[in-house]
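Letters A, B, ... are given to chains in the order of the sequence lines, protein chains preceding strands, and every chain is numbered from 1.
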Protein chains: 2
Amino acid sequence: MDAKTQARLTMRANVFKALAHPSRLLIVEQLAHKELCVCQLREMIGADMSTVSKHLSVLKGAGMIQDEKRGLQVYYRLKMPCVLRFFDCVGEVIETNVKEQWELVNLR
Amino acid sequence: MDAKTQARLTMRANVFKALAHPSRLLIVEQLAHKELCVCQLREMIGADMSTVSKHLSVLKGAGMIQDEKRGLQVYYRLKMPCVLRFFDCVGEVIETNVKEQWELVNLR
DNA sequence: TCACTATTTAGCCAAATTGCCAAATATGGG
DNA sequence: CCCATATTTGGCAATTTGGCTAAATAGTGA
């Protein structure tokens, strides 16, 4: 694998990595509806605020969300709504997996 | 976050986690064209065969690829081609990021 | 300025990931 | 059966990630 391909794939992998955590997926889902501040996301996720802040910085670092400070709060919003299209296929993958496992269990 | 939501998000995150590695992305890209055996993928990736095998088992565990043993070789193929649709958006995200960084650098 | 709130950052530790080597497993050919 | 090849598995060290607490930073209002 040449260096250029390696670089391209690493950048892409980083985008997926940003989505590879339940809390970060919840953040993306919620921001799909409307912008939210850190404290609102903290409530939804139920983790320490510092933890949520770190998750947000991961998503921001990957270019998926934007932040804007207004008064004391920092509001985040989805910058790349195209990532929402991922979820259909992800759901399809999971559905297929579960179906197959179900059939495996019912073998006789 | 209730347990059901947590479970749903964890399953989804696992699908993204499976794609969150350069070598595994290369595997998915290559299998999009045609099925390949481990040794062919090993050449493309340039890592130890055991390493490639482990990557393949991650993708298989996530339900993204299928394997079939024929003779000495094990051939893998893409089971969920819908994941290829991800790549358009991922490319868009990266393009936007790079564009913004470029503009930042050229500020004066 | 001082106190208060919202957020980020730093530091720490546990857990997960990655990649190699070596060993185990499976298959095909003499 | 014996040997060679293809693949998987187990084990280990190095690195990364995740989440907490505590400290630092920033904005608001008295």
Side-chain angles (χ1 to χ4, degrees), chain A residues 1 3 5-7 9-28 30-31 35-77, chain B residues 1 3 5-7 9-28 30-31 35-77:
Chain A
M1 182 164 33
T5 305
Q6 173 72 41
L9 292 172
T10 300
M11 283 195 293
R12 288 181 173 228
N14 285 338
V15 174
F16 286 112
K17 212 182 290 186
L19 293 169
H21 190 285
S23 302
R24 294 199 289 268
L25 284 182
L26 184 62
I27 291 172
V28 170
Q30 295 302 316
L31 295 186
E35 66 169 20
L36 295 165
C37 67
V38 184
C39 55
Q40 291 173 305
L41 290 165
R42 189 203 62 74
E43 276 189 22
M44 294 170 177
I45 294 173
D48 197 273
M49 170 121 58
S50 72
T51 301
V52 175
S53 176
K54 234 179 239 180
H55 283 310
L56 287 165
S57 85
V58 170
L59 286 170
K60 187 184 166 190
M64 236 135 7
I65 60 176
Q66 274 183 310
D67 60 338
E68 184 188 346
K69 184 151 196 171
R70 289 206 298 276
L72 278 181
Q73 283 96 20
V74 178
Y75 284 88
Y76 281 89
R77 60 174 169 277
Chain B
M1 183 163 36
T5 304
Q6 172 72 42
L9 292 172
T10 300
M11 284 194 293
R12 288 180 172 226
N14 285 337
V15 174
F16 287 111
K17 211 181 290 187
L19 292 169
H21 190 285
S23 302
R24 294 199 289 268
L25 284 182
L26 184 64
I27 290 172
V28 170
Q30 295 302 316
L31 294 185
E35 64 169 22
L36 295 166
C37 67
V38 184
C39 55
Q40 291 173 305
L41 290 164
R42 189 202 63 73
E43 275 189 25
M44 293 170 176
I45 294 173
D48 197 271
M49 171 121 58
S50 71
T51 301
V52 175
S53 176
K54 253 173 216 178
H55 283 310
L56 286 164
S57 86
V58 171
L59 286 169
K60 187 183 166 190
M64 235 132 8
I65 59 177
Q66 273 182 311
D67 61 338
E68 185 188 343
K69 183 151 197 170
R70 289 207 298 276
L72 278 181
Q73 283 97 20
V74 177
Y75 284 89
Y76 281 88
R77 60 173 167 280

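- The footprint of chain A on DNA chain C, defined by a heavy-atom cutoff below 4.0 Å, extends from C:dT5 to C:dG11.
- Between the side chain of B:R24 and the backbone N or O of B:A18 there is at least one donor-acceptor pair closer than 3.5 Å.
- The two residues A:I45 and B:M1 come nearest to each other via the heavy atoms O-CE, 3.9 Å.
- Partners of B:T51 under the side-chain contact (heavy atoms from CB on, under 4.5 Å) rule, at least two apart in sequence or in another chain, are B:A47, B:D48, B:H55.
- Counting only distance, with no hydrogens or angles, the side chain of B:S53 and the backbone of B:S50 share no donor-acceptor pair below 3.5 Å.
- Taking every heavy atom of both residues into account, B:I65 and B:L56 meet most closely at CD1-O, 3.5 Å.
- The shortest distance between the side-chain N/O atoms of B:Y75 and the OP1/OP2 oxygens of D:dT7 is not below 4.0 Å.
- Rounded to a whole Å, the CD atom of B:Q40 is 11 Å from the P atom of D:dA6.
- Heavy atoms of B:S50 sit under 4.0 angstrom from at least one base atom.
- Checked against side-chain contact (heavy atoms from CB on, under 4.5 Å), A:Q40 has the following partners two or more places apart in sequence or in another chain: A:L36, A:C37, A:Y75.
- Among all heavy-atom pairs drawn from A:V38 and A:Y76, the shortest one is CG2-CE1, 3.6 Å.
- Nearest approach of A:L9 to B:P22, heavy atoms of both residues: CD1-O, 3.8 Å.
- Between the B:T10 side chain and the B:Q6 main chain, a donor and an acceptor come within less than 3.5 Å of each other.
- By the salt bridge (Lys or Arg N to Asp or Glu O under 4.0 Å) test, B:D67 pairs with B:K60, sequence neighbours left out.
- Checked against D:dA22, D:dT7, D:dG27, the side chain of A:K69 finds its nearest nucleotide in D:dG27.
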Check: protein-nucleotides 28-30 of chain D nitrogen or oxygen pairs below 3.5 Å:
none

query = Can you give one letter per nucleotide of nucleotides 12-19 of chain D, 5' to 3': B if a protein heavy atom sits under 4.0 Å from the base, S if only from the sugar-phosphate, - if neither?
reply = -----SSB

